[in-house]
Amino acid sequence: MPFMYYGYGFVLIGFLIALLAQWNVKSTYSKYKKIHNSRGITGAMAARQILDQNGLYHVRIESVSGELTDHFDPRTNVVRLSDGVYNSTSVAAVGVAAHEVGHAIQYAQEYAPMRLRAAIIPATQIGSTLSYPLVVLGVIFQALPLIDLGILLFSLVVLFQLVTLPVEFNASRRALNTLGSSHILDSNEVSQSGKVLTAAALTYVAALATALLNLLRLIAIRGNRD
């Protein structure tokens, strides 16, 4: 079988990994959003408490539509919590809220991996937009330099996914430590929230694996052009 055909195998494997990770996080979240914490603290309340404990009084909390659309926006200093997290008292909601606050704390403390990730975002966007067109043009015109440039640009996407891992794992670790030390959740509830955050973190591992497999596909295409 020509080497180029292995590229389709990489794509299929990456698709399956991403699909499994998404199924895992949705099923885990669905399980623990049904379990409510003993203190009746909502995601928004937990987020506000942790922000204030860290002196981040200026960071606002807003509700955003959708499920698992939670995020921290450093441009406006806003933690946005999805409908199912903002007013929910589930251990899943509190864990997710604390995780997003972890990002706000990272930003305030100028956490190095977060700064690096923010710095490479523009280059990553260029890489994700131009890499495949360049490879296609390189194949059409038999121009290896174009293929090489496309591979180099896509490598930036892989780098972004790699840098994202410590950012996400650190935010989850901060969240769980704070939930326990501040007695927002009891030890069993912290463990349950941890399972949700672990499942969410694995989606970023899957994203990195998928990016690596796509990079290997491009390398395989280049190898077939030699």
Side-chain angles (χ1 to χ4, degrees), residues 21-22 25-26 28-111 113-122 124-125 160 163-185 189-190 192-204 207:
Q22 287 298 322
V25 71
K26 287 184 178 181
T28 304
Y29 178 77
S30 295
K31 176 180 179 180
Y32 290 105
K33 74 177 183 180
K34 300 174 183 176
I35 300 176
H36 297 275
N37 68 78
S38 57
R39 295 185 60 193
I41 294 178
T42 66
M45 292 167 60
R48 185 73 270 160
Q49 179 175 333
I50 299 172
L51 286 170
D52 291 350
Q53 285 175 350
N54 286 273
L56 301 180
Y57 306 104
H58 63 287
V59 177
R60 293 181 291 114
I61 304 170
E62 295 179 354
S63 179
V64 64
S65 60
E67 184 176 75
L68 297 178
T69 51
D70 313 85
H71 63 280
F72 167 65
D73 186 349
R75 298 168 300 178
T76 55
N77 273 318
V78 175
V79 172
R80 295 191 175 94
L81 303 177
S82 61
D83 294 333
V85 169
Y86 190 92
N87 289 313
S88 174
T89 59
S90 72
V91 294
V94 173
V96 170
H99 174 90
E100 297 308 328
V101 169
H103 287 313
I105 297 171
Q106 288 174 336
Y107 183 73
Q109 296 179 351
E110 298 187 337
Y111 179 59
M114 172 171 264
R115 293 182 66 184
L116 175 58
R117 185 176 72 167
I120 65 175
I121 284 177
T124 302
Q125 291 173 333
F160 177 81
V163 174
T164 293
L165 290 186
V167 174
E168 296 299 331
F169 278 98
N170 178 266
S172 291
R173 184 164 59 251
R174 290 171 186 261
L176 295 174
N177 288 341
T178 302
L179 290 175
S181 63
S182 299
H183 305 292
I184 296 174
L185 300 179
E189 292 166 348
V190 170
Q192 293 170 331
S193 289
K195 293 178 181 178
V196 175
L197 296 185
T198 297
L202 289 177
T203 63
Y204 295 99

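Note that the structure is predicted; figures quoted are calculated from it, not measured.
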Give a yes or no answer on whether the side chain of E67 reaches the backbone of G84 with a donor-acceptor pair at less than 3.5 Å.
-> no
For S82, check side-chain hydrogen bond (donor to acceptor under 3.5 Å, both in side chains) against everything at least two apart and list the hits.
-> D70
For R173, enumerate each residue passing the salt bridge (charged side-chain N to carboxylate O under 4.0 Å, His left out) test, keeping only those at least two apart in sequence or located in another chain.
-> none
Among T89, V94, V85, find the one that has a side-chain contact (heavy atoms from CB on, under 4.5 Å) with T42.
-> T89
Please report the shortest heavy-atom distance between A104 and L51, naming the atom on each side.
-> CB-CD2, 4.1 Å
Please step through side-chain contact (heavy atoms from CB on, under 4.5 Å) for the pair D52 and Y57, ending with a clear verdict.
-> CA-CA 5 Å; D52 291 350; Y57 306 104; 3.4 Å; yes
Spatial distance of atom CD1 (I41) from atom CD (Q49) [nearest 0.5 Å] = 5.5 Å
So H99 and E168, side-chain contact (heavy atoms from CB on, under 4.5 Å) or not? Walk me through it.
-> CA-CA 8 Å; H99 174 90; E168 296 299 331; 2.8 Å; yes
Closest approach of L81 and A97, non-hydrogen atoms and distance?
-> CD2-CA, 3.9 Å
Hey, could you give me the CG/CD distance between L202 and Q22, rounded to the nearest 0.5 Å?
-> 11.0 Å
So which heavy atom on I120 is nearest to which on F160, and how close?
-> CD1-CA, 3.7 Å
Is there a donor in the side chain of Q53 and an acceptor in the side chain of S182, or the other way round, less than 3.5 Å apart?
-> yes
Nearest non-hydrogen partners of L197 and S172, listed with the distance | CB-OG, 3.8 Å
Distance col, row L56:CG vs R48:CZ, nearest 0.5 angstrom, shows 8.0 Å
Say whether R117 and Q106, considering side chains only, have a donor N or O and an acceptor N or O under 3.5 Å apart.
-> no
Residue pair A119 / P122: nearest heavy atoms and the distance that separates them = O-CD, 3.5 Å
Can you name the nearest heavy-atom pair linking Y111 to P166, along with the distance?
-> OH-O, 3.5 Å
Who pairs with N54 by side-chain hydrogen bond (donor to acceptor under 3.5 Å, both in side chains), at least two apart in sequence or on another chain?
-> none
OG of S88 to CE of M45, rounded to nearest 0.5 Å, is 12.0 Å
Value rounded to 0.5 Å, distance of CD in Q192 from NZ in K31 = 8.5 Å
Derivation of the side-chain contact (heavy atoms from CB on, under 4.5 Å) call for I105 and F72 = CA-CA 10 Å; I105 297 171; F72 167 65; over 6 Å; no
Sort out for me which residue in T198, I184, V91, N37 forms a side-chain contact (heavy atoms from CB on, under 4.5 Å) with S193.
-> V91
Is the side chain of T203 donor-acceptor paired with the backbone N or O of A200 at a distance under 3.5 Å, no angle test?
-> yes
Atom CG of L179 and atom CZ of R174: how far apart are they, to the nearest 0.5 Å?
-> 13.5 Å
